[in-house]
Amino acid sequence: MPDFSTKMNFNDKTNPKSKIQNPKFKRGPVIAIDGPAGSGKSTVSKLLAKELGFTYIDTGAMYRAVALRAYELGIDSENEGSLRDLCSKINLCFAPLPVSPRKEGRKKQEVSDCTNKIFIDGNDYSEKIRTPFVGQLSSKVSSQKVVRDAMVRLQRLFAKKGFVVMEGRDIGTVVFPDADVKLYLDASPEVRGKRRYKELKEKGETVSLDKIIEEVRIRDQRDSTRQHAPLAMAKDAIYIDTSNMGLREVLAVMMQVIKKEGVKEVRSQKSEVKS
Ligand code: DC
């Protein structure tokens, strides 16, 4: 199964052509995107990664997959010992989704083109982790230090060569405090609840909007008050309230910030390295 650490080969010391020239970056750039559930960060991060030609890493999917695997094995979200054991053995990796030939000719970026599949021990968890139940479960499991330590280690490994857009709750504060660009996306709980509601309805699920908004609030409360690596905005992050913004608008603002930081320049070095 391919993983990001093997895919990104831009700093290969045996190949002098592959060295990053810009002394500002020790590795390729890391763009950290944090924010609460439903802030729109997943959709926009995928498009941003596509726009930059970077790899997209969804850290929430990692916590969701571990939480679901624990559940399948009958491990309680409070059982530190069993979770430690699970995390020490787990084989978690991402693989890019194959682009269907039909889509290749399309000019418009499709969010689905930028998505990755997530596997645990060779089994595809991509779809089954996207339920409200797994959302709540992952919020509990991710509050355990043993799980966080294991996931943070993996996240750093996946991004060790850079050229990544990494999205989560603690990327700019804990995983990559030295990220080249930090963005924090937010929106009101009502707007975020409505977004989740729409997503679930589109998938054909029967849900109540009030219940979803309540769940968003519960998850916010748990994610931002937990002891280890709570959801927080890094001091040097740029805050974007997406409540009244469309997807393309948010993407445009992000690209402006990123260009200002000179990341675009490094992206063209990546293209040179590749050719
Ligand atoms: O982004 P998401 O809804 O898929 O994330 C699922 C849960 O995982 C969320 O409730 C909190 C947790 N999470 C985390 O603790 N740290 C991250 N970097 C990403 C997600």
Side-chain angles (χ1 to χ4, degrees), residues 32-46 58-68 70-71 75-79 83 111 118 125 127-145 147-148 151-152 155 166-175 182-235 237-247 249-250 253-254:
I33 303 186
D34 290 303
S39 56
K41 64 188 189 321
S42 296
T43 315
V44 86
S45 299
K46 285 173 200 166
D58 174 2
T59 61
M62 297 170 72
Y63 288 102
R64 282 171 180 263
V66 170
L68 181 55
Y71 178 76
I75 300 172
D76 190 272
S77 51
E78 305 273 315
N79 188 336
L83 286 173
V111 175
I118 186 159
Y125 275 65
E127 285 301 318
K128 53 188 178 185
I129 57 171
R130 303 289 165 198
T131 66
F133 172 71
V134 179
Q136 292 297 336
L137 200 64
S138 59
S139 174
K140 287 183 197 155
V141 167
S142 65
S143 65
Q144 294 293 339
K145 190 171 185 308
V147 176
R148 301 211 69 81
M151 292 304 109
V152 169
Q155 286 152 15
M166 187 174 279
E167 173 235 315
R169 304 286 192 287
D170 60 340
I171 312 305
T173 49
V174 174
V175 187
K182 296 181 190 178
L183 298 159
Y184 189 92
L185 266 58
D186 203 359
S188 69
E190 290 75 19
V191 168
R192 291 186 286 118
K194 277 184 192 154
R195 286 176 183 161
R196 281 274 143 137
Y197 175 76
K198 199 166 158 255
E199 266 169 34
L200 294 167
K201 280 289 254 196
E202 279 167 7
K203 281 191 196 164
E205 292 187 29
T206 323
V207 280
S208 130
L209 177 59
D210 288 347
K211 194 159 175 256
I212 297 280
I213 295 176
E214 182 54 23
E215 279 176 5
V216 162
R217 290 188 201 276
I218 294 171
R219 203 131 74 91
D220 281 0
Q221 168 74 8
R222 198 187 292 121
D223 292 347
S224 49
T225 55
R226 70 180 175 221
Q227 194 188 347
H228 308 293
L231 165 68
M233 184 172 125
K235 284 198 185 80
I238 310 246
Y239 182 87
I240 306 174
D241 184 342
T242 69
S243 299
N244 299 308
M245 287 169 89
L247 184 59
E249 245 178 301
V250 180
V253 170
M254 287 169 130

How far does [atom1] of [X] sit from [atom2] of [Y], to the nearest 0.5 angstrom?
X      : Y      : atom1 : atom2 : answer
Lys198 : Leu209 : NZ    : CG    : 13.0 Å
Glu199 : Arg130 : CD    : CZ    : 9.0 Å
Tyr184 : Leu231 : OH    : CG    : 3.5 Å
Tyr239 : Leu183 : OH    : CG    : 13.0 Å
Ile240 : Asp186 : CD1   : CG    : 11.0 Å
Leu185 : Ser45  : CG    : OG    : 7.0 Å

Original post:
What class does the angle between the rings of Phe133 and Tyr71 fall in, given that below 30° is parallel, 30 to 60° is tilted and above 60° is perpendicular?
Top reply: perpendicular
Would you kindly say whether [X] and [Y] are connected by a side-chain donor-acceptor distance under 3.5 Å?
X      : Y      : answer
Thr43  : Arg195 : no
Ser77  : Gln144 : no
Asp210 : Ser208 : no

Does some side-chain heavy atom of [Y] sit less than 4.5 Å from a side-chain heavy atom of [X]?
X      : Y      : answer
Tyr63  : Val141 : no
Thr59  : Met166 : yes
Arg192 : Ser39  : yes

Subject >> Salt-bridge contact Lys211-Glu215 (side-chain N to carboxylate O under 4.0 Å) >> reply: yes
Subject >> Lys145 atom NZ: more than 12 heavy-atom contacts under 6.0 Å >> reply: no
Original post:
Ile212 and Leu200: side chain to side chain contact (heavy atoms under 4.5 Å, CB included), yes or no, with the steps?
Top reply: CA-CA 10 Å; Ile212 297 280; Leu200 294 167; 3.4 Å; yes
Original post:
Please walk me through it: do Lys46 and Asp58 pass side chain to side chain contact (heavy atoms under 4.5 Å, CB included)?
Top reply: CA-CA 9 Å; Lys46 285 173 200 166; Asp58 174 2; 5.6 Å; no
For [Y], is there any backbone N or O sitting under 3.5 Å from a side-chain donor or acceptor partner on [X]?
X      : Y      : answer
Asp34  : Asp170 : yes
Arg148 : Ser142 : yes
Ser243 : Ser188 : yes
Arg64  : Ala67  : no

**OP:** Applying side chain to side chain contact (heavy atoms under 4.5 Å, CB included), run through Ser143 and Gln227 and close with a yes or a no.
**Re:** CA-CA 7 Å; Ser143 65; Gln227 194 188 347; over 6 Å; no
Subject >> Stepwise side chain to side chain contact (heavy atoms under 4.5 Å, CB included) test for Ile213 and Arg217 >> reply: CA-CA 6 Å; Ile213 295 176; Arg217 290 188 201 276; 4.0 Å; yes
